[in-house]
Every structure is written in structure tokens, then in C-alpha cells.
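One structure is given below, encoded as C-alpha cells.
By convention in this document, chain letters (A, B, ...) are assigned in the order of the sequence lines, proteins followed by strands, and residues within each chain are numbered from 1.
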Number of protein chains: 2
Amino acid sequence: MSNIPSNIPEKTIERLSEYRRTLLRCHKQGITHIFSHVLAGMHGITAVQVRRDLMLIGFSSDTKKGYDVKVLIDFISSILDSESPMNIGVIGMGHLGQAITKYFNSKDLKLKITAAFDIDQNKVGTMIDGIPVFHMDEFEERVSELGINIVVLSSPARVASELDVPIINAGIKGVLNFTSKPLNLPHGIVVENYDITTLLEKVAYFVKENEEKDI
Amino acid sequence: MSNIPSNIPEKTIERLSEYRRTLLRCHKQGITHIFSHVLAGMHGITAVQVRRDLMLIGFSSDTKKGYDVKVLIDFISSILDSESPMNIGVIGMGHLGQAITKYFNSKDLKLKITAAFDIDQNKVGTMIDGIPVFHMDEFEERVSELGINIVVLSSPARVASELDVPIINAGIKGVLNFTSKPLNLPHGIVVENYDITTLLEKVAYFVKENEEKDI
DNA sequence: TGGCGATTGTTTATTTTGTAACAATAGTAA
DNA sequence: TTACTATTGTTACAAAATAAACAATCGCCA
């Protein structure tokens, strides 16, 4: 068994996920081999970066006909995917929460959304896109029962500040936070913040910069 | 007029947006001054990073009572905000598109969502959360008419591949892409990709890594 | 008023990330 | 076969981002 490198850069992990997505699309189209510069072009990056990423995870093809799409997909999966299932809970079943569950249900992924949580009595007790919606009061209980280890925060920001404690108590290991409220969680918990306002303000800033450069 | 530094790191821009959000919240609560380490703590980063970010944009306070919240908000705004309005269009008015518009309408931001585009005849011609929904066929026309320079892509991935050309033709300057399909746009256009699957796979990967580290 | 502690602004080092250069070799075609 | 091209894997370099170390100075209190 080849030793899997353990210190893979964060950015490389992101790109591996993106590569795999693209490769799966190619695989569906019957493409069996792909050159590094073709894969790179599809992502707007250089071929060197693709090859370097693959080197970092210990993948090599030594043929000059391009990478075998299926083999590469499996290799990336062996890096990214966990053997034990990752169960995901969604907190906040508004538009954003529903967008995420709907999106995931349509895919065949190792990651599974197994429950949603909300405080709206009209939603609690129902199924949305095949996912049961529980009341936030049941959070810890259901997390434990369903083996949830990751949560997506898609609630309004004002609710988010009250979620630190239940998330810690329930033993959640990873959080994908779409609210604008920074969380206050211990280091052992993986947190990724993607506030949509920040993302847009960032785009707007660089658009502004580009325009000023042109003048 | 103090010269505004023009080469601010991308990560600093992100953090500035986050600082401002937090500062606005503090301002509402009547907090007038804030120490660098307090602001840092709210974001799970170090005080050094906060001070360095502020240094990079040329902000200094020289008092030791902490930063004046209101003054700092205005200073950050002078960096981030454009004088000419940034008008945003949303492509794809599914759950994600609606989540974004709803979210933005409730805030008082310089960025304004002024139109949405879709191909669903049930949505076209209606108003959703105060935003008019046009058919994608009208895209270029409406972009020009409404002065839209940024778009949010929240359509299904399979549609996204057909959007490169209209986006270029309409003269869009910035794209926030939530689809899994990488776009093929020239360098002059600012593109930020945030595929939700990738974000979740990243969190899942580092959760897995943490667990393996503990064993 | 004078010194102590706390906070800031700046410089310097370390780590991370991205880019470029180069050597090795599988495929190709005469 | 043999030279050539294209593609790969690796090493070395450059840039960006983060963290640490340090010097300067304001506020506080005796």
C-alpha cells in the first residue's frame, strides 16, 4: 500500500474536489483519458498546478496519453473520502437550507444530509426533500442518534450566536457556516465561514480595483 | 487626502468585510471603542493580524483606548465601497437565488440586487422579494438598461455552461459562481467560485484528518 | 509628575501557496 | 530502429499570507 501523504495543503484539497467533479463529468461523457493541461484549462489554472497537486497526493501515471480518468477519480476519492460515513445536519431550513439539501439529494455523494433542524412549527415534523425536519430542541439527541458529525449553518445570523453551546455539546466535528456571525468554537472543531455578503463584497472590491486600474 | 494603498491582499479584503460586519453589530449595541484583541477574538484570529490588516489600509488610531468603532467602520467603508453603485443580478431564482435576494434585501448595503433572471415561465414577469424576474433571453438588454455589473450564479450546473457567452457579451465585470461548473471567462472579469459541495468536502476532509490524528 | 502596564504600529521571520524551469520518458512517425 | 515531440514528475524559485518579535507611546495611578 502506498503511503498516503498527510500534509496536503488546504488549497490542494479544494482543487482536488473540483478536479473530481470535472472528471466525473468527463467520465459520464465517455472520456477515458485527459491531459493535465486540458484539466487545467477547464479550471482556469495552469497545467503545472494540476501536476503538482497530483504529485502531492502521490499520484503518477507514467503514461503520456494523459491521466486515466477513472483511475484518477478513484485515487482522489481515496484521499478525500472517509471510510466511515459522514452524516450532515442542516440548521435552518429556509431557502438556503433547502437549496443545499435539494442540491445534495440529487447527487450521488459519500456525504449524506440526514437531518434538518429548525424552530418553525410549520416545518418541524415534516419531510423536506426527503429529509426529516426536527425542532432545534432535539438537536443533541438527534445528532447522537443519527451519527451526525458535520453541520451546515444556514440560519439567520441572530440565531447563530446561540448555537455555539449545542454544537459543542453535541460533539459536532465540523461546521460550514453561511451566517455572518463568527462562531466561538474550540480548536478541535473544523470551521469554514462563507458569508455571502463577504463573498460579494470581495468581488465588488476587485471589480472596483480593475476599473480604477483601467482609467 | 491620505493616499489609499492599492495593493491590499485578498485575504485582508475578506477580513475587512468581516470586521466591518462585526463592528456594525457593536455599533448598534452602543459600543464606541474596541481593542484589537477583542475584535480578533470575535473572529478567532490573533490581534496581530487585525493590527496588520489595519496597517495595510493605512488606518491608525494612536489612542490606547481601542479603535473608535464608528471611525473604523467609515474607514473600512472608504476602502471597500465603490462610489459608483454596484448593481447585482441573480441568475437562477431557485432556493439559492431566493435565499440570496432575501438576505440582501433585509440589509442596508451599498450593493444592490436589482434584477433576477430565470427560464421558468412561472417566475418570469413576477416580483420575488421586491426584485423583478426577467427571462434569460432578455439578459443582455436588462443588464445594460439597469447598469448591472456583477452577477451571482445560482442556477443548476448544467445551465451554467451556456452562460459564458452572455456574461461576456453583456459586459459583466464580476461573477460570484455557486455552481459546480467552472466558468470560461477572460482575465478582465473577476470570478469567485464557491461550490457548496467543494466546501463541504473540504470540511469533511479535515474532520477526517483530525480524527485520524487523534487515534 | 513620573513610572508602570497595556496597547498600538512596524519590522522581521516563518510558513504556505503558486510559478517557473528542467530533466526524464512514453508515444509517434519516418 | 531512431530521432523527435509532447507530456510528465521533480526540483528550485518567487510571491503571498501568517505569526512572532520589538519598539513606541498613551493612559492610569500613586
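- Under the 30°/60° scheme for interplanar angles, the aromatic rings of A:Y194 and A:F178 are found to be tilted.
- Considering only side-chain N and O atoms, A:S36 lies nowhere under 4.0 angstrom from the phosphate OP1 or OP2 of D:dT7.
- Contact annotation: A:Y67 reaches the phosphate of D:dG9 (side-chain N/O to OP1 or OP2, under 4.0 Å).
- One interatomic measurement links the two molecules: CD1 of A:I13 to C1' of C:dT17, which rounds to 14 Å at whole-angstrom precision.
- Taking only side-chain atoms of B:S61, from C-beta outward, the nucleotide of C:dT8, D:dT7, D:dA17 with the closest atom is C:dT8.
- If you measure from atom CG of B:L72 to atom C1' of C:dT8, you get 14 Å, rounded to the nearest angstrom.
- At whole-Å resolution of the value, CG in B:D53 and C1' in D:dA16 are 13 Å apart.
- Between C:dA21, D:dA17, C:dT25, one nucleotide has an atom nearer to the side chain of A:R51 than all others, and that is C:dA21.
- Rounded to an integer number of Å, the gap from B:L56 CG to D:dT18 C1' is 12 Å.
- Taking 4.0 angstrom as the limit, B:T63 places a side-chain polar atom (N or O) nearer than this to OP1 or OP2 of D:dG27.
- Going from atom CG of A:N7 over to atom P of C:dT16 covers 8 Å, rounded to whole Å.
- Residue A:S60 places its side chain closer to D:dG9 than to any other of C:dA20, C:dT8, D:dG9.
- Of the two residues near DNA chain C, A:T46 and B:K65, the one whose nearest nucleotide lies more 5' is B:K65.
- In terms of heavy atoms, A:A204 sits closest to B:M86 at O-CE, 3.4 Å.
- The side chain of A:K11 approaches C:dT17 more closely than any other nucleotide in the set C:dA20, C:dT10, C:dT17.
- Residue B:K64 places its side chain closer to D:dA24 than to any other of C:dG27, D:dA24, C:dG18.
- One atom, NE2 of B:H37, and another, P of C:dG9, lie 14 Å apart when rounded to the nearest Å.
- At a cut-off of 3.5 angstrom, counting only N and O atoms as typed in the model, there is a donor on one side and an acceptor on the other between the side-chain of A:R52 and the base of C:dT19.
- Within the structure, every side-chain polar atom (N or O) of B:Q49 is placed at least 4.0 Å from both OP1 and OP2 of D:dA17.
- B:H33 has its NE2 atom 13 Å from the C1' atom of C:dT7, to the nearest Å.
- In this structure, A:E192 pairs ionically with B:K202, as a charged nitrogen and a carboxylate oxygen lie closer than 4.0 Å.
- A salt bridge links B:R20 with A:E201; the closest basic N to acidic carboxylate O contact falls under 4.0 Å.
- No engagement by A:T12 is indicated, since no non-hydrogen atom pair under 4.0 Å with the nucleic acid exists.
- Remark: the backbone N or O of B:T12 is not paired with any side-chain donor or acceptor of B:D53 at under 3.5 angstrom.
- Going from atom CD1 of B:I8 over to atom C1' of D:dA16 covers 15 Å, rounded to whole Å.
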